[in-house]
Amino acid sequence: MPTCVPTHTADPNRPERAHPPHSPPHGPPPDRPRRLRIAGADLSAAVAVFLIALPLSLGIALATGAPLQAGLVAAAVGGIVAGRIGGCPLQVSGPAAGLTVVTADLIQQYGWRTTCAITVLAGLAQIGLGCLRVARGALAVSPAIVHGMLAGIGVTIAVAQVHIVLGGTPQSSVPDNLRALPAQLANVDPAAVAVSVLTLTLLLLWPKLPGRAGRLLRMVPAALVAVAGATATAAAAGLVLAEVDLPSWRSHALAGLPEGPVLGLVAAVLTTTLVCSVQSLLGAVAVDKLVARRPGSGHVPRSDLDRELLGQGTANIASGCFGGLPVAGVAVRSSANVRAGAVSRNSTMLHGALVVVAALLMVPVLEFIPLASLAALVMAVGIQMVSLHHIRTVTRHREALVYAVTAVGVVFAGVLEGVALGIAVAVGVALHRLTHTRITHEVKEEVHHVDVRGQLTFLAVPRLSRALHLVPQGATGVVALDGSFMDHAAYEALQDWQNTHTARGGAVEITGRRPGAGVRLAEPAALISSPTTEGTDETGVPSGAGCRCRPWTAWRNHQCELPLSAPDDDRSDHDNRVTGGTSDTGGSSGTGVTHEAGDAAGRQGGHYGRPSRPGTGDGPSDTGTGPGTGSAHPTGSVSGAGGPKASRTGTDLVRGLSTFQRSTAPLVRGELARLAREGQRPTQLFLTCADSRLVTSMITSSGPGDLFVVRNVGNLVPPPGEESGDDSVAAALEYAVEVLAVRSITVCGHSGCGAMQALLDPRPDGPPSARTPLERWLRHGLPSLKRVRDGGGPGVRLAGRTPADTAEQLCLTNVVQQLEHLRAHASVARALKDGLLTLHGLYFHVGEAQAYLLIETAAEQVFDRVRAEDLAL
């Protein structure tokens, strides 16, 4: 849902600030030389990634049949060059397992020097693509094709490395390796098998070490432990095995002029470019997701995919010229870099520098590594590329055929051929889904059922019209839609028939295939859609939710007004932000509200009972005048010239009512008519603050008839027996529990609550008669304040971190305290005793747009993120 971005009028009297507040000016002082500063987190992350990259680079070079030094060259160049130039600061590049099959085929067909030249040409092609700014186009490739390609490459790698694990030599293709496997099993080298088994055992068990000591030991990468342990064991036992052979760098082969048929070379360059680019771009997107989930990641910029292509292309040119393997973003090393806490591209560059040092100074140590140990390591990597998670995902989205065809094609025909087959099958599947729609008509108990299975496009309109006209005039018709897409032609046909049939006395019900799941028709511009994502069905509703109803909202039509003093040339930019205009950030939500802006809105909520300065965020947050409320014109505010601005209250109200009648009313009219006939039957009482930023229907995905909502300043529940002169909350509790028989009560607090801030910073005490109604009401929050200051009872905290400050601690504690007040009310206590009622505590962080659910234990109360397992509540 697009979110309105509040606009602010520039103050000509305010001095211009050249850098963000509370931060030093950008750049070094003019009289001091600039010094390179490397964060400690980057240094530790570089060491962790280096320890993973060293054995994997040698293993991938071994799997391709290239000189082993080529893996080290690619790792060093990928770290230094791609790390410095690329557009994804935390992605680590180097020799990737996904390129193993491609490179092995090139070496087998053209030789090593020509393969290096092909790598250089592929780098030039990547730079060309980056200059054309087509990087995001690569993301249009179906994930099923990408996962199938990686799975096919993984199978090819694993089958080839089995021969080295058994002490033999791999063949050039998977069929040849499979045919040679029986003979290889008859001539097994026991020493090679023993070292390989030891490597795989350490690789599997090291991440599962238990206890505190295990947690410390797991900081050392499993790949390094597996190879080092197998090497030390082989040396101690005196086993005679083939070992790593790193010839002198003086004899290292560099790139030569490409030799071979032109068409073959062009195909080789295209294949290398495709695999390198797709893997790197998808890796950059994955790294962005990992960084976004990491706490305190706001200072890490999002990836610039076009720049990432330029960086990968430059790295491939350098790697090919220096006799290295092709370079691409590597998922294992990138995720390790993010988990290790890297904060800038310095970590990737330092890891490349460490590889250079190891290649120059650690040659005698590296030559003790058995080839069987490296082969076992690479075989494990290949097996992991066949991901069960990916298989489940593509199966859920009905793309298993595309995945399987791509994987089999890569295994038996080659990477380029397999990808081409996958694309062809994906196009065929899409056309089949789009054009093959089954429409049936049958009569059950005098009700005419028209079932539509598949996507409704203009091609199916004639058959849909024939089926609909089989419903007699005045009869009851039920149209069951089982599809996620309906184009305008099909919509018009269905809508026209519905209007005509109901006008002639008939009844029409449009439903989904699931019993009781309704589908509402409206003008196409008013339909509320959401993209299909993992964990959701094709209608955008969470899988397992049991219905296909979407949230009741017309918020997408919400509009903000520019300040009256804003210049005309600023209006177009504002409109672009309000309507969710495109930007280079690649954000998926289109809200235009940053994390920092949301936190500022919470912090500037103001103090209740204190006058606010016009035009600022220092007033009460619940009045809607603070930042983040979506109102740029608080009523009664004063312009910079001193004159009163025109009131927008009436205009905003009329616009909102008009939008409801035009866009939302057609969606909810049938449901509200049913509720008017049957009366309200809510199952939940939701007690929350009056803050304008808390939209209960939005954060609970609820609609008419779902929630019985009670809102007040500070989400307070006066204890029974209080001489407050206000029994509204107690009356609502009694009505909800005794009359409506709700099954749960939720107390919802939020960040930046002005009521809690007023409790922390009250006015000087005066006579009771001089207290305002708001001050008298806030005394019901004093038990929460006393609980925070005395530290009595179990501690209250947020999952993953302690409260940011005393104000947030009070907001959290207030929810727990009001739940205790709830239990003291007689009607609530009786329902709890009979097992008819449950209580929930909820905390909504406005800046994060994140809900936290209360989990009570004997020692403390923890507000934890709402997860899928909480849906059973």
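None of these values were measured; they are calculated from a predicted model. All values below come from the heavy atoms of this structure, side chains included, with hydrogens, waters and symmetry mates left out.
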**Student:** Not counting sequence neighbours, which residues clear side-chain hydrogen bond (donor to acceptor under 3.5 Å, both in side chains) with Asp288? List them please.
**Tutor:** Ser303
**Student:** Is there a donor-acceptor pair closer than 3.5 Å between any side-chain N or O of His845 and the backbone N or O of Glu848?
**Tutor:** yes
**Student:** Heavy-atom distance under 4.5 Å between the side chains of Phe686 and Ser702, does that happen here?
**Tutor:** no
**Student:** Quick check for you: to the nearest 0.5 Å, what is the distance between His780 atom NE2 and Leu759 atom CG?
**Tutor:** 11.5 Å
**Student:** State which residues pass side-chain hydrogen bond (donor to acceptor under 3.5 Å, both in side chains) with Thr838; sequence neighbours excluded, sorted by chain then number.
**Tutor:** His840
**Student:** Can you name the nearest heavy-atom pair linking Leu716 to Leu687, along with the distance?
**Tutor:** O-CD2, 4.1 Å
**Student:** Does some side-chain heavy atom of Val815 sit less than 4.5 Å from a side-chain heavy atom of Leu842?
**Tutor:** no
**Student:** Indicate the atoms forming the closest heavy-atom contact of Ala45 with Ser347, along with that distance.
**Tutor:** CB-CB, 4.2 Å
**Student:** Who pairs with Asn814 by side-chain hydrogen bond (donor to acceptor under 3.5 Å, both in side chains), at least two apart in sequence or on another chain?
**Tutor:** Ser784, Gln818
**Student:** Indicate yes or no: at least one non-hydrogen side-chain atom of Leu812 is less than 4.5 angstrom from one of Leu854.
**Tutor:** no
**Student:** Just to verify, what does Pro783 make a side-chain contact (heavy atoms from CB on, under 4.5 Å) with, not counting sequence neighbours?
**Tutor:** Gln817, His821
**Student:** What is the distance from atom CG of Leu707 to atom OG1 of Thr683, rounded to the nearest 0.5 Å?
**Tutor:** 7.5 Å
**Student:** If you take all heavy atoms of Arg711 and Thr696, which pair is closest and at what distance?
**Tutor:** NH1-CG2, 4.0 Å
**Student:** Heavy-atom distance under 4.5 Å between the side chains of Thr772 and Trp777, does that happen here?
**Tutor:** no
**Student:** What's the spacing between Met756 CE and Leu778 CG if we round to 0.5 Å?
**Tutor:** 7.0 Å
**Student:** Is any side-chain heavy atom of Cys689 closer than 4.5 Å to one of Cys748?
**Tutor:** no
**Student:** Scan for side chain to side chain donor-acceptor pair (under 3.5 Å) pairs involving residues 736-747, sequence neighbours excluded, and state none if there are none.
**Tutor:** Glu738-Arg830
**Student:** My understanding is that only residues two or more places apart in sequence, or in another chain, count here; which of them pass ring pair (Phe, Tyr, Trp, His ring centres under 6.0 Å) with Phe844?
**Tutor:** none
**Student:** Does Val695 reach the side chain of Ser697, with side-chain heavy atoms less than 4.5 Å apart?
**Tutor:** yes
**Student:** Got a sec, which residues hit side-chain hydrogen bond (donor to acceptor under 3.5 Å, both in side chains) with Ser344, two or more places apart in sequence or on another chain?
**Tutor:** Asp42, Asn346
**Student:** When you look at Val862 and Tyr852, which way does the side chain to side chain contact (heavy atoms under 4.5 Å, CB included) test go after all the steps?
**Tutor:** CA-CA 9 Å; Val862 180; Tyr852 295 86; over 6 Å; no
**Student:** Starting at CG of Asp691, measure out to CG of Asn715 and round the result to the nearest 0.5 Å.
**Tutor:** 10.0 Å
**Student:** Consider only side-chain N and O atoms of Tyr843 and Glu808, and report whether a donor and an acceptor are under 3.5 Å apart.
**Tutor:** yes
**Student:** Apply the test side chain to side chain contact (heavy atoms under 4.5 Å, CB included) to residues Gln684 and Thr700: give CA-CA distance (whole Å), side-chain angles for both, the deciding distance (0.1 Å), then the verdict.
**Tutor:** CA-CA 11 Å; Gln684 304 174 61; Thr700 60; over 6 Å; no
**Student:** Quick one: pull up CD1 in Ile855 and CG in Asp864 and give me the separation to the nearest 0.5 Å.
**Tutor:** 4.5 Å
**Student:** Minimum heavy-atom separation for Gly752 and Arg693, please, with both atom names.
**Tutor:** O-NH2, 3.3 Å
**Student:** Shortest non-hydrogen contact from Pro803 to Val796?
**Tutor:** CG-O, 4.1 Å
**Student:** Just by modelled atom types, is the Arg776 backbone N or O under 3.5 Å from a matching donor or acceptor in the Arg779 side chain?
**Tutor:** yes
**Student:** Which residue pairs pass the salt bridge (Lys or Arg N to Asp or Glu O under 4.0 Å) test with at least one member in residues 811-828, sequence neighbours excluded?
**Tutor:** Arg787-Glu820, Arg823-Glu856
**Student:** Nearest 0.5 Å, please: how far is CD1 in Ile699 from NE2 in His750?
**Tutor:** 10.0 Å
**Student:** Which atom pair, heavy atoms only, marks the closest approach of Leu733 to Leu685?
**Tutor:** CD2-CD2, 3.5 Å
**Student:** Run the side-chain contact (heavy atoms from CB on, under 4.5 Å) test against Ala665 and tell me which residues pass, sequence neighbours left out.
**Tutor:** Phe660, Gln661, Arg669
**Student:** Could you tell me which residues satisfy side-chain contact (heavy atoms from CB on, under 4.5 Å) with Ala732, sequence neighbours excluded, listed by chain and number?
**Tutor:** Phe708, Val710
**Student:** Tell me, do Pro89 and Pro301 make a side-chain contact under 4.5 Å, heavy atoms counted?
**Tutor:** yes
